[in-house]
Peer 1: 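Dropping the structure in here first, questions after.
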Amino acid sequence: MYVEQGYKSKLPGLWKYIVIPAGFIGFMIFNYIVTINSDINVDDAMATMINQLGKNLVLIVLLLPLVVGLFVVLGWTWLVHGQSLTSLTTSRKKIDWKRIIFAFGLWGLLTIVLTMVDVYASPEDYKLTFELKKFIPLAIIAIALVPLQTSFEEYLFRGYMMQGLGLFAKNRWVPLVVTSTLFGLMHIANPEVEKLGFGIMVYYIGTGFFLGIMTLMDEGLELALGFHAANNLITALLVTAEWTAFQTDSIYTDVSEPILGWDVMIPVFVVFPFLLFVFNKKYKWQNWKEKLFGRVLSEQEFLALENGDSSQL
């Protein structure tokens, strides 16, 4: 009953769910319009910023607004909704840190293994750029800020908006589809899109669906929080490219010519289903149809169930 945790808000009415998403979506639209109407392409703008400020400071500039956004979402939920961090995070009585750590460790390890296999198979596509003096500041910045950045995206899309849309639509599939699509569209101004074309949106939207399915099936954000943090953090530390959003002093630099091929789709259609299979086995998920497409309980039904009265269902 993760979506129904939104009923624990002490402020009545669904209007309270409009302010933050509307502001963020408005910012996304503004950013995209500015990007497509700019005379300078994204790669050139990024290169100029890096030349002027350095990679680490640019990384901080990119991450800091999203870090602030995390505290805005959590603060609004707590102060305006009167809802606890726990109920925004999970349907369990307390946040399950073991789930976060397991998802982080599993995807972090797989990311390292898959990357190193590709480095071994296609050494001409990678350049070893590791320099300890540059890597240590990067590691400190990334470890401190990247998990906060990814947590913002999870709490906004799979947490705040998932619950709000679920209570409004009274079902689970609408918030799954809407939040996954919006999550993908959030990346539309990324330099990867300019370089590879809109086909890369299949990956971004597909990742949104993967994270949304994981959240609904597990009735909480913990697995999504762990996965997303590992995905962005390990990538920032391990490999970079001159055409990606995060250009860092990482261990490797991808020097291959970027093309949109089937390798971009493999995570969505092969790796993510495999991960769902692993999580399904470990956490014994059941009732897939009901959890992904079923109805959301009414507030009366939810409160009755919370009080141990199943006769209202």
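None of these values were measured; they are calculated from a predicted model. We number each residue from 1, following the sequence as shown.
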Peer 1: How long is the gap from CD1 on Ile205 to OG1 on Thr181, to the nearest 0.5 Å?
Peer 2: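 Here the interatomic distance stands at 5.5 Å.
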Peer 1: Just jot down the side chain to side chain donor-acceptor pair (under 3.5 Å) partners of Tyr126, sequence neighbours excluded, or say none.
Peer 2: Asp118
Peer 1: Does the side chain to side chain contact (heavy atoms under 4.5 Å, CB included) test come out yes or no for Phe272 and Phe277, once each step is laid out?
Peer 2: CA-CA 9 Å; Phe272 293 166; Phe277 173 79; over 6 Å; no
Peer 1: The test is side chain to side chain contact (heavy atoms under 4.5 Å, CB included); show your working for Met116 and Ile112 and say whether it passes.
Peer 2: CA-CA 6 Å; Met116 296 313 298; Ile112 293 171; 4.2 Å; yes
Peer 1: Does Ile25 belong to the same Ile/Leu/Val/Met/Phe/Trp/Tyr cluster as Phe27, with side-chain heavy atoms less than 4.5 Å apart forming each link?
Peer 2: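 No, it is not one cluster - the side chains of Ile25 and Phe27 are not joined through contacts under 4.5 Å.
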Peer 1: Are His228 and Phe210 close enough that their ring centres sit under 6.0 Å apart?
Peer 2: no
Peer 1: Is the shortest heavy-atom distance from the side chain of Tyr203 to the side chain of His187 under 4.5 Å?
Peer 2: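 Not touching, per the 4.5 Å side-chain cut-off.
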Peer 1: Donor-acceptor pair, Ser180 side chain versus Val177 backbone, under 3.5 Å?
Peer 2: no
Peer 1: Verify the neighbour count for atom CZ of Phe168: are there more than 12 heavy atoms of other residues, nucleotides or ligands below 6.0 Å?
Peer 2: no
Peer 1: For Trp288, enumerate each residue passing the ring pair (Phe, Tyr, Trp, His ring centres under 6.0 Å) test, keeping only those at least two apart in sequence or located in another chain.
Peer 2: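 Scan of Trp288 (ring pair (Phe, Tyr, Trp, His ring centres under 6.0 Å), adjacent residues dropped) gives Trp285.
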Peer 1: Are His81 and Tyr17 close enough that their ring centres sit under 6.0 Å apart?
Peer 2: yes
Peer 1: I would like to know whether Ile188 and Phe198 meet side chain to side chain contact (heavy atoms under 4.5 Å, CB included); could you show each step before the answer?
Peer 2: CA-CA 8 Å; Ile188 199 168; Phe198 288 107; 3.8 Å; yes
Peer 1: Could you walk me through whether Leu167 and Tyr7 pass the side chain to side chain contact (heavy atoms under 4.5 Å, CB included) check?
Peer 2: CA-CA 8 Å; Leu167 299 186; Tyr7 288 130; 3.5 Å; yes
Peer 1: Given 3.5 Å as the limit, does a donor-acceptor pair link the side chain of Thr235 with the main chain of Asn231, or not?
Peer 2: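 Checked: pair present.
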Peer 1: If you measure from CG on Asn190 to CE on Met201, what distance do you get to the nearest 0.5 Å?
Peer 2: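 One gets 8.5 Å once the value is rounded to the nearest 0.5 Å.
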Peer 1: Can you give me the closest heavy-atom contact between Leu138 and Leu59, atom names plus distance?
Peer 2: CD1-CD2, 3.7 Å
Peer 1: Side-chain contact, heavy-atom cut-off 4.5 Å: Ser250 with Leu238?
Peer 2: no
Peer 1: So do Phe104 and Leu225 actually touch side chain to side chain, heavy atoms under 4.5 Å?
Peer 2: no
Peer 1: Indicate yes or no for a side-chain donor-acceptor contact from Ser87 to the backbone of Gln83 under 3.5 Å, with no hydrogens or angles considered.
Peer 2: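 No, Ser87 side chain to Gln83 backbone: no donor-acceptor pair under 3.5 Å.
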Peer 1: If every non-hydrogen atom of Ile259 is compared with every non-hydrogen atom of Val264, which pair is closest and at what distance?
Peer 2: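 Heavy atoms of Ile259 and Val264 come nearest at O-CG2, 4.4 Å.
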Peer 1: For the backbone of Ala236 and the side chain of Thr248, can you confirm whether one donor and one acceptor N or O come within less than 3.5 Å of each other?
Peer 2: yes
Peer 1: Please find the pair of heavy atoms, one from Lys16 and one from Ser9, that lie closest to each other, and give the distance.
Peer 2: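 Nearest heavy atoms, Lys16 then Ser9: CE-OG, 3.0 Å.
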Peer 1: Are Phe152 and Phe157 an aromatic pair by the rule of ring centers under 6.0 Å?
Peer 2: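 That pair fails the under 6.0 Å test.
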Peer 1: Any chance the side chains of Thr89 and Thr86 put a donor and an acceptor closer than 3.5 Å?
Peer 2: no
Peer 1: Could you check whether Arg99 makes a cation-pi contact with Phe279, meaning its NZ or CZ is under 6.0 Å from the centre of the six-membered ring and within 45° of the ring axis?
Peer 2: no
Peer 1: Side-chain heavy atoms nearer than 4.5 Å, only ILVMFWY residues, links allowed to pass through others: does that put Phe293 and Phe209 together?
Peer 2: yes
Peer 1: Using a 3.5 Å distance criterion without hydrogens, assess whether the side chain of Asp254 forms a donor-acceptor pair with backbone atoms of Ser256.
Peer 2: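 Yes, because the side chain of Asp254 sits within donor-acceptor range (under 3.5 Å) of the backbone of Ser256.
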Peer 1: Determine whether a donor-acceptor pair (N or O, by modelled atom type, separation under 3.5 Å) exists between the side chain of Ser122 and the backbone of Val119.
Peer 2: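 No, Ser122 side chain to Val119 backbone: no donor-acceptor pair under 3.5 Å.
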Peer 1: For the atom pair CE (Met186) and CG (Leu66), what is the distance rounded to the nearest 0.5 Å?
Peer 2: 7.5 Å
Peer 1: Does Arg295 form a salt bridge (Lys or Arg N to Asp or Glu O under 4.0 Å) with Glu301? I'd like the steps, not just the answer.
Peer 2: CA-CA 12 Å; Arg295 71 184 185 92; Glu301 291 172 324; 3.0 Å; yes
Peer 1: Please assess Glu222 against Lys98 for the test salt bridge (Lys or Arg N to Asp or Glu O under 4.0 Å), listing each intermediate value before the final yes or no.
Peer 2: CA-CA 9 Å; Glu222 292 99 332; Lys98 290 183 179 179; over 6 Å; no
Peer 1: Taking C-beta and beyond as the side chain, do Phe135 and Asp249 meet within less than 4.5 Å on heavy atoms?
Peer 2: no
Peer 1: Apply side chain to side chain contact (heavy atoms under 4.5 Å, CB included) to Leu79 and list each qualifying residue two or more places apart in sequence or on a separate chain.
Peer 2: none
Peer 1: Please check if the number of heavy atoms outside Lys127 that lie under 6.0 Å from its NZ is greater than 12.
Peer 2: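 Result for NZ/Lys127: open.
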Peer 1: Hydrophobic cluster mates of Leu109, side-chain heavy atoms under 4.5 angstrom, ILVMFWY only, any path?
Peer 2: Val113, Val117
Peer 1: Do Met265 and Leu114 sit in one hydrophobic cluster, given that two such residues count as connected whenever their side-chain heavy atoms are within less than 4.5 Å of each other, even indirectly?
Peer 2: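 They do not share one cluster, since no chain of ILVMFWY contacts under 4.5 Å joins Met265 to Leu114.
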Peer 1: Is there a donor-acceptor pair closer than 3.5 Å between any side-chain N or O of Tyr2 and the backbone N or O of Leu88?
Peer 2: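 A pair under 3.5 Å: yes.
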Peer 1: Got a salt bridge between Arg92 and Asp218, using NZ or NE/NH1/NH2 to carboxylate O under 4.0 Å?
Peer 2: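 So Arg92 pairs with Asp218 through a salt bridge.
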Peer 1: Is it the case that the side chains of Glu4 and Gln163 hold a donor-acceptor pair, with the cut-off being a distance below 3.5 Å and no angle test?
Peer 2: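 No, no side-chain donor-acceptor contact under 3.5 Å.
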Peer 1: Would Ile136 and Leu233 show up in the same hydrophobic cluster when neighbours are defined by side-chain heavy atoms closer than 4.5 Å?
Peer 2: yes
Peer 1: Answer yes or no: is there a side-chain heavy-atom contact under 4.5 Å between Val80 and Val19?
Peer 2: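 Not touching, per the 4.5 Å side-chain cut-off.
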Peer 1: Report yes if the distance between the aromatic ring centroids of Tyr155 and Tyr160 is under 6.0 Å, otherwise no.
Peer 2: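 No, the ring centres sit 6.0 Å or more apart.
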Peer 1: Treating Lys170 as the side-chain partner and Val296 as the backbone partner, does any N or O pair qualify as donor plus acceptor under 3.5 Å?
Peer 2: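 No.
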Peer 1: Determine whether the aromatic ring centres of residues Phe227 and Trp107 are separated by less than 6.0 angstrom.
Peer 2: yes
Peer 1: Atom CG of Asp96 and atom CD1 of Ile101: how far apart are they, to the nearest 0.5 Å?
Peer 2: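 The distance works out to 9.0 Å.
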Peer 1: Answer whether the closest heavy-atom distance between the side chains of Lys8 and Glu306 falls below 4.5 Å.
Peer 2: yes
Peer 1: Using distance alone, with no hydrogens and no angle criterion, decide if Glu154 and Ser151 have a side-chain donor and acceptor under 3.5 Å apart.
Peer 2: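 No donor-acceptor contact under 3.5 Å links the two side chains.
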Peer 1: Return yes when atom NZ of Lys291 has more than 12 non-hydrogen atoms of other residues, nucleotides or ligands closer than 6.0 Å, and no otherwise.
Peer 2: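 Check passes, neighbour count above 12.
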Peer 1: Compare every heavy atom of Leu182 with every heavy atom of Met161, then report the nearest pair and how far apart it is.
Peer 2: CE-CD1, 3.4 Å
Peer 1: Measuring from Leu148:CG to Leu70:CG, what's the distance to the nearest 0.5 Å?
Peer 2: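 Result: 6.0 Å between the selected atoms.
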Peer 1: In chain order, what residues pass the salt bridge (charged side-chain N to carboxylate O under 4.0 Å, His left out) check against Glu219, with sequence neighbours excluded?
Peer 2: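 Glu219: salt bridge (charged side-chain N to carboxylate O under 4.0 Å, His left out) contacts with Arg172.
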Peer 1: How would you list, by chain and number, every residue that makes a side chain to side chain contact (heavy atoms under 4.5 Å, CB included) with Leu128, sequence neighbours excluded?
Peer 2: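 Once residues adjacent in sequence are excluded, the partners of Leu128 under the side chain to side chain contact (heavy atoms under 4.5 Å, CB included) criterion are Phe130, Ile251, Tyr252.
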Peer 1: If we ignore hydrogens and angles and just use 3.5 Å, is the side chain of Thr244 paired with the main-chain N or O of Phe246 as donor and acceptor?
Peer 2: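 Yes, Thr244 side chain to Phe246 backbone: donor-acceptor pair under 3.5 Å.
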Peer 1: Report yes or no: do Thr129 and Thr253 form a side-chain donor-acceptor pair below 3.5 Å?
Peer 2: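 Distance-only check passes for Thr129 and Thr253.
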Peer 1: Honestly curious: do Val278 and Leu216 fall in one hydrophobic cluster under the side-chain, below-4.5 Å linking rule?
Peer 2: yes
Peer 1: Under a 3.5 Å distance rule, please check whether Asn171 uses its side chain to pair with a backbone N or O of Val174 as donor and acceptor.
Peer 2: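 Between the backbone of Val174 and the side chain of Asn171 there is a qualifying donor-acceptor contact (under 3.5 Å).
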